[in-house]
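Lettering of chains follows the sequences in order, A, B, ..., and the numbering in each one begins at 1.
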Protein chains: 2
Amino acid sequence: MRISDVARHAGVSPSTVSYVLSGKRSISETTRRRVKESIDALGYQPHAGARSLASRRSNVIALVIPLRGDVHVPVAMRFAVSVVTAARAHDHDVLLLTQGEGPDGLRRVSGSAMVDGVIVMDVEADDARVPVLRELDLPSVLIGVPEDTEGLTCVDLDFAAAGAACVHHLADLGHTDLAFVGQPPSVYERRTGFAERTTTGFERAAAERGVRATLHPCSPDTAHGLAEDLLRERPGLTGLIVHNEPSVGPLLESFAEHGRTPPELSVVAIGPVPPGAPPLTSVDLPAEEVGARAVGLLMDKIDGPGNPGVTLLEPRLTSRESTAPRA
Amino acid sequence: MRISDVARHAGVSPSTVSYVLSGKRSISETTRRRVKESIDALGYQPHAGARSLASRRSNVIALVIPLRGDVHVPVAMRFAVSVVTAARAHDHDVLLLTQGEGPDGLRRVSGSAMVDGVIVMDVEADDARVPVLRELDLPSVLIGVPEDTEGLTCVDLDFAAAGAACVHHLADLGHTDLAFVGQPPSVYERRTGFAERTTTGFERAAAERGVRATLHPCSPDTAHGLAEDLLRERPGLTGLIVHNEPSVGPLLESFAEHGRTPPELSVVAIGPVPPGAPPLTSVDLPAEEVGARAVGLLMDKIDGPGNPGVTLLEPRLTSRESTAPRA
DNA sequence: TTGAAAGCGCTAACAT
DNA sequence: ATGTTAGCGCTTTCAA
């Protein structure tokens, strides 16, 4: 089943069928209908390889997903799914690359013309893939923001603003003694953009508002110990900002064991609130929107010059039952 | 940069370069080396579209991932990553399809010759994609087992054996009153194979050993209530089997509030044990092995007749501190 | 508004 | 052991 079969069935030339499919030149309404009917009748589907050979377009984009232990998997998956959905809306498929393949994976899919562009997740401040992207002249969009963004297209939540929004929310409620519970230490050590920017925003806003504020990296298995430490060393603490979804549960339980529960201890989460947890005041991570934006920007780069630059989505803090004015 | 450039550089014909690359006919050692040097010197990479057009092989497989709320995402991700890794070892890339595309997605990637085969995850007993796979004559492997496996290739953990192994382990320790905490109700309602088979194995083994045994679907937000119910209604309960990773934590805490802690209350988990949790006796879900097997079987089907049938991997129960002889 | 035909870059059958 | 060459199925230029 190929394009010439459709052409014969519709009584037109192969090129006409091609143009009906691509819309790249005007076709009379009658011809178009006839061709479409033949396509449906025969169940024709163009051969992707032939198409990419002739048009130099594969209609596939690559998505590089993280597979580090310290990356919160459900969030990564939400990004991935939203990228696939958005890509399909632009008539593209998604090829999955793992972090493990690293720069070589990018070279491979680019050099073999398998993909028209690439979206890279979980970008670090000094990311080894960034120089490769610059060298490859492969359209790309980063989810996350490296240190040097020269010539790159990046999308992310404005994590600095998110960190600041939490401080302002708590400060507005009268809280003056805050702790920020962050990502696992390894995340900061490799200088992952989003984590760094959040703490920066937190610290800056805390300084601005003149509140006491401290930073505490945390992983789920150290959450309990951290809570104990804070209870002991920070008796005046009334505001907690948690940028670490899997630790929210353990942390709240540990505080609860000592009678410290929301909203007396006011808690703000950055990121999706786990189902089944008490409804927390939170800054949500709009993964769907970030994914869709990344795909949109990538399509612009594939089709034309694109809009290089950093797009930071405004965070939105949703006030729920876990925060209240200071007693 | 194309194959003829390499051929000229190496002083051979294009077909020789092709054969060096594919290994499909014998090449003298000297020629092979010369060609390889040229390939390296020029940084040649074959055009994937041209290759798939000429060879009728795309060297890409599709992976259909679930995106239901009730599927445990980190486990799904482990499968996905292991599939990508194994596929790369067989010189294939992986195209990501979401459940949302359903049967049409399969038809599309098959009809356009984008992929050589497909791996479908999270298969239900009566899965809408199974008839499509039968009709498409696209090589496929299912991770999971539907009701009618006629003509299909399936891989999975032997969940029935896993359920049974937990019963035998506890019965061997003298426990006679067991509860099985399962997946969210929706998972059973759509008759997901692995969930059903686990409970079947559990019930069969319990009957065999003559122990009291009950089934309890559960989601993270109902875990606490379920624990309360069990404490009230099952005072003699000393053995708990949990086939629901995200509920393990909440469940154990609820029991602990009433002084019931492992190993007095002996607990066996089916699935990966969350990091930071106490070391539980468990039957691990060998996602890496399942993924690698699925890819291996798919490659066999792509290259030849394959081995249709159901491959069930033997579960291995690892005894840890959460189980002990009945007091 | 449509058709004819020249490639796109590779593989594999055929030839030597 | 290697070379020649006819496609693979599509897009797009050129022509009408």
Side-chain angles (χ1 to χ4, degrees), chain A residues 1-36 38-39 42-60 91 93 108-116 302-303, chain B residues 1-36 38-39 42-60 91 93 108-116 302-303:
Chain A
M1 165 65 47
R2 39 199 210 286
I3 201 169
S4 58
D5 297 322
V6 177
R8 196 174 317 114
H9 187 275
V12 298
S13 73
S15 60
T16 297
V17 177
S18 175
Y19 284 119
V20 165
L21 248 18
S22 69
K24 286 188 183 173
R25 79 179 183 194
S26 55
I27 303 279
S28 73
E29 194 43 43
T30 39
T31 306
R32 183 202 311 288
R33 188 166 39 250
R34 208 139 35 87
V35 170
K36 292 218 152 162
S38 296
I39 288 172
L42 301 179
Y44 169 70
Q45 295 195 252
H47 188 288
R51 180 171 261 189
S52 91
L53 178 57
S55 69
R56 326 192 124 259
R57 280 290 189 80
S58 66
N59 276 42
V60 175
D91 195 32
D93 273 285
R108 185 169 52 79
V109 296
S110 166
S112 61
M114 294 192 79
V115 305
D116 299 331
I302 290 173
D303 293 330
Chain B
M1 167 65 49
R2 36 198 211 288
I3 200 169
S4 59
D5 297 323
V6 178
R8 194 173 318 114
H9 187 274
V12 298
S13 74
S15 62
T16 297
V17 178
S18 175
Y19 284 121
V20 166
L21 249 18
S22 70
K24 287 189 182 172
R25 79 179 183 195
S26 54
I27 302 280
S28 73
E29 193 44 42
T30 40
T31 306
R32 183 202 312 287
R33 188 165 38 249
R34 207 140 35 87
V35 169
K36 292 218 153 165
S38 296
I39 287 172
L42 302 179
Y44 168 71
Q45 295 196 251
H47 187 288
R51 179 172 262 188
S52 91
L53 179 58
S55 69
R56 330 196 116 254
R57 282 291 189 82
S58 65
N59 275 42
V60 175
D91 196 32
D93 273 285
R108 184 169 52 79
V109 296
S110 166
S112 61
M114 295 192 79
V115 305
D116 300 331
I302 290 173
D303 294 330

Rounding to a whole Å, what distance do you find between [X]:[atom1] and [N]:[atom2]?
{"X": "B:Arg33", "N": "D:dT2", "atom1": "CZ", "atom2": "C1'", "answer": "17 Å"}
{"X": "B:Arg51", "N": "D:dG9", "atom1": "CZ", "atom2": "P", "answer": "18 Å"}
{"X": "A:Arg8", "N": "C:dA4", "atom1": "CZ", "atom2": "P", "answer": "13 Å"}

Using a cut-off of strictly less than 4.0 Å, decide whether [X] has a side-chain nitrogen or oxygen near OP1 or OP2 of [N].
{"X": "A:Ser15", "N": "C:dG3", "answer": "no"}
{"X": "A:Thr16", "N": "C:dG3", "answer": "yes"}
{"X": "A:Lys24", "N": "D:dT12", "answer": "yes"}
{"X": "A:Arg25", "N": "C:dT2", "answer": "no"}
{"X": "B:Ser28", "N": "D:dT2", "answer": "yes"}
{"X": "A:Tyr19", "N": "D:dT13", "answer": "no"}

| Which is true for A:Ser52 with a 4.0 Å heavy-atom rule: it touches a base, it touches only sugar-phosphate, or it touches nothing? |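 No contact at all - A:Ser52 keeps every heavy atom at 4.0 Å or more from the nucleic acid.
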Report yes or no: does [X] contribute a side-chain atom to a donor-acceptor pair with the main-chain N or O of [Y] at less than 3.5 Å?
{"X": "A:Ser112", "Y": "A:Arg108", "answer": "yes"}
{"X": "B:Asp116", "Y": "B:Ser58", "answer": "yes"}
{"X": "A:Asn59", "Y": "A:Asp91", "answer": "yes"}
{"X": "B:Ser22", "Y": "B:Ser18", "answer": "yes"}
{"X": "A:Thr31", "Y": "A:Ile27", "answer": "no"}

| Ignoring hydrogens and angles, are the base of D:dT11 and the side chain of A:Ser22 linked by a donor-acceptor pair under 3.5 Å? |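 Result: no qualifying N/O pair found.
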| request: Report the residue (A:Met1 or B:Glu29) whose heavy-atom-nearest nucleotide on DNA chain D is the more 5′ of the two. | output: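 It is B:Glu29, whose closest nucleotide lies nearer the 5' terminus.
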| request: Specify the angle, to 10°, made by the local axes at the two ends of the helix from C:dT1-D:dA16 to C:dT16-D:dA1 when five pairs are taken at each end. | output: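 Between the axes fitted at each end of the helix from C:dT1-D:dA16 to C:dT16-D:dA1 lies an angle of 30°.
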| How about B:Ser110 and B:Val115: do any of their side-chain heavy atoms sit closer than 4.5 Å? |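 No, too far: nothing below the 4.5 Å cut-off.
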| query | Can you find a pair of side-chain heavy atoms, one from A:Arg25 and one from A:Ser15, that are under 4.5 Å apart? | reply |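 A:Arg25 reaches A:Ser15 side chain to side chain.
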Please write out the pairs of protein N or O atoms and N or O atoms of nucleotides 6-8 of chain D separated by less than 3.5 Å, giving the distance to one decimal.
| residue | atom | partner | partner atom | Å |
| --- | --- | --- | --- | --- |
| D:dC8 | O3' | B:Arg56 | NH2 | 2.8 |
| D:dC8 | O2 | B:Ala54 | N | 3.4 |

